[in-house]
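Numbering of ligands and ligand atoms starts at 1, following listing order.
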Amino acid sequence: MCGIIGIAGPEGSDVVPMLVQGLKRLEYRGYDSVGIAVVSDGRIVVRKGAGKIEEVARVKGFPELHGSVGVGHTRWATHGRPSDENAHPHLDCKGRIAVVHNGIIRNYSELRERLESKGHVFVSETDTEVIAHLVEDELRGPESFMEAFRRALARLEGSFAVALLYAAEPRRIFFARMESPLVLGLSSNANYLASDIPAFLDYTDRVIVLRDGEMGWITSSQVYIEDWRSGRSVEASGRLRKIPWTAEMAAKSGYPHFMLKEIYEQPAALRNSFRGLAGDKSLLKAAEIMASADRIFVAAAGTSFHAGLFFDHVLGRLAGRIAYTLVSSEYHRLEGVVGRGDVLLAISQSGETIDTLKAARLALSRGARVVALSNVIDSAIPRESSIAIYTRAGPEIGVAATKTFLTQVLALTMLAARMGVASGHLDEGDAKNIYQALFKASSLVRKTITATEGVVRELADWLAGKHSAYMLSRGIGVPLSMEAALKVKEIAYIHAEAYPAGESKHGPIALVEKEFPVFILSEPGLEEELEGNAAEMKARGAKVIVVSGTGRPSRHLDLQIRVPGAEDFMTPYTHIPPMQLLAYYTAVKLGYDPDKPRNLAKTVTVE
Ligand code: M6R
């Protein structure tokens, strides 16, 4: 979705280069248009336009702007096409209030109609512009801006994170949050706000994560937060956290793309994750709660959904249980089903995906307990859940999830193993063996990357010429093949579909013709059945590529991507890296930017 940044610097400083830098760090959230506003000599000056940051900054002359307090925005269009007019910031009629916004104002048509009837003139098609006019409309006489802002917020319906400049209070940036992420960053001589921590990680690692219903303002030396519904001020210092992320982690560090860097970071991320989770009390507690639950539901989206499906498989294998796993946007299905005694596992890398958050809220409202698995400390989903487990993968900037997926499956395997012990399905010795295997996940990924990168690069040149591909597997490999297909689809724009291999005969095989790409992710113990499926594909002219850890040659394959051998629950660490690299190199070959796939945003905060 969109990205917001605001910087309140000391008087005389110039925050424009920092705003631009912050916007570049936020580009993964949305990137069809960009804009900044600063207060200069008591006036608000805005520069904005459709296009990527570098280009808009050059064409619209961002470097000519100067100011010590400013806001910036990178947009992922919802209401109104990408255009100069629809780019944020948006102004009120007099140009004294500037607004940047992430989210959706659901009642904007009604508000706009009412404001227009009162004489307000709108210049964009966005829902955001109503906020500027609404606050302007609420500004009365000597009242403070906060009063007007508070009243305006009470009229808004939907999800929003907003930052406002007001020309008459040039040292302040006003903000509010409802269902869209907003984080404050505090430092000794300046304060920041942003949709996501990496935006200001170059300047500070001291953060306060705002909660729904909070509003306030920052200056270079002060922070004020209140709950606008109760009007009570919030004690901010108790919420201040130092996060274990560095600016280096959120930088490309010499790699051509974040995605490649993050694929390469997987061994370190897994090491960190394992270390943190091995003695994690929350994980043990969650395992106990889940082991004694009547039913286990899982809600997640995209890659996190695939991690959820993987969990369902390992749960059966390690704890003899089954989980009902659903795509979180289908959370309505939980209505009338989930209840007291049940547990919902909400998996979300960002911790802010709105559908997963809604699933969690629904489960909680019906008396179930919610266990969150996230990568972002204090984000909405873990904060609202009964108990939170963190993957500790470090910041992930590339839109395509990579290292966060492998750390999710690591955490979920540990969780399933502990549930197995808690329910008596496994003994401590079994769990120890599983942990010992998981300890090696990091080196397994390193070896896999070394062994496969060359062959995968060559294969990418061939795949780049194709329009469609199948990814087939069985058992635990099925969610892995779904993840592989998603990677190819989202960054290389090649239609890739995953099926349980046995299911491919029930329709999908009709599409197979000469040289049709079929990738088979082999699974220990299921090789024979998969070989049968490979033969069926080959017989119809498919080019069959098998990712496998066994040296067994097959007549039915055209190419083997040979990976280190591993047990089934360890195959994510051998089968996923080559497929991530395949998607990456195919995208690069086709001239696409894998970090910023078209139409996608890293965090989906609108339904
Ligand atoms: O932050 P979340 O894990 O909740 O995000 C879920 C999906 O939006 C995300 O996994 C998405 O599918 C990625 N682009 C996959 O690479």
Original post:
Between G302 and ligand 1, is there a nitrogen or oxygen pair with a distance under 3.5 Å?
Top reply: no
**OP:** Report the part of E352 in contact with ligand 1, treating N, CA, C, O as backbone and CB onward as side chain, heavy atoms under 4.0 Å; options are side chain, backbone, both, neither.
**Re:** neither
Subject >> Pair Q349-S374, side-chain donor/acceptor within less than 3.5 Å >> reply: no
Original post:
Between Q349 and ligand 1, is there a nitrogen or oxygen pair with a distance under 3.5 Å?
Top reply: yes
**OP:** For atom 1 (O) of ligand 1, grab the closest protein heavy atom and report residue, atom and distance to one decimal in Å.
**Re:** S350 OG, 2.7 Å
Subject >> Nearest-contact summary for atom 7 (C) of ligand 1 - protein heavy atom, Å >> reply: A301 O, 3.7 Å
**OP:** Evaluate the ring planes of Y493 and Y592, with Trp represented by its six-membered ring, and classify them as parallel (under 30°), tilted (30 to 60°) or perpendicular (over 60°).
**Re:** tilted
**OP:** Report yes or no: do E453 and Y264 form a side-chain donor-acceptor pair below 3.5 Å?
**Re:** yes
Subject >> Salt bridge flag under 4.0 Å for residues R295 and D342 >> reply: yes
**OP:** Count the heavy atoms of every other residue, nucleotide or ligand shown that sit under 6.0 Å from CZ of R457, and state whether that count exceeds 12.
**Re:** no
**OP:** Among all protein heavy atoms, pick the one closest to atom 3 (O) of ligand 1 and tell me residue, atom and distance.
**Re:** S304 OG, 2.6 Å
Subject >> Enclosure of R392 CZ (heavy-atom neighbours >12, cutoff 6.0 Å) >> reply: yes
Original post:
For T356 and ligand 1, does the shortest N/O to N/O distance drop below 3.5 Å?
Top reply: no
Subject >> Which residue and heavy atom of the protein sit nearest atom 8 (O) of ligand 1, plus the separation >> reply: V604 CG2, 4.2 Å
Subject >> Subset of ligand 1 atoms that lie under 4.0 Å from at least one heavy atom of A400 >> reply: 16 (O)
Original post:
Considering only heavy atoms of S348, which atoms of ligand 1 have at least one such atom less than 4.0 Å away?
Top reply: 1 (O), 2 (P), 3 (O), 4 (O)
Original post:
Taking atom types as modelled, is there a side-chain donor on E523 or T571 under 3.5 Å from an acceptor on the other?
Top reply: yes
Original post:
Mind checking whether V399 has a heavy atom under 4.0 Å from ligand 1?
Top reply: yes
Original post:
Would you say A401 and ligand 1 have an N/O pair spaced under 3.5 Å apart?
Top reply: yes
Original post:
Closest non-hydrogen protein atom to atom 16 (O) of ligand 1, residue and atom name please, with distance?
Top reply: E490 OE2, 2.4 Å
Original post:
Going by heavy atoms, is K487 under 4.0 Å from ligand 1?
Top reply: yes
Subject >> ring-ring contact (aromatic ring centres under 6.0 Å, His included) involving F297 - partner list, sequence neighbours excluded >> reply: Y324
**OP:** Return the residue, atom name and 0.1 Å-rounded distance of the protein heavy atom closest to atom 15 (C) of ligand 1.
**Re:** T303 OG1, 3.0 Å
**OP:** Evaluate whether atom NZ of K466 has more than 12 neighbouring non-hydrogen atoms of other residues, nucleotides or ligands under 6.0 angstrom away.
**Re:** yes
Original post:
Minimum heavy-atom separation for R177 to L182, with atom names?
Top reply: NH1-N, 3.9 Å
Subject >> Top protein contact for atom 4 (O) of ligand 1, by heavy-atom distance >> reply: T353 OG1, 2.4 Å
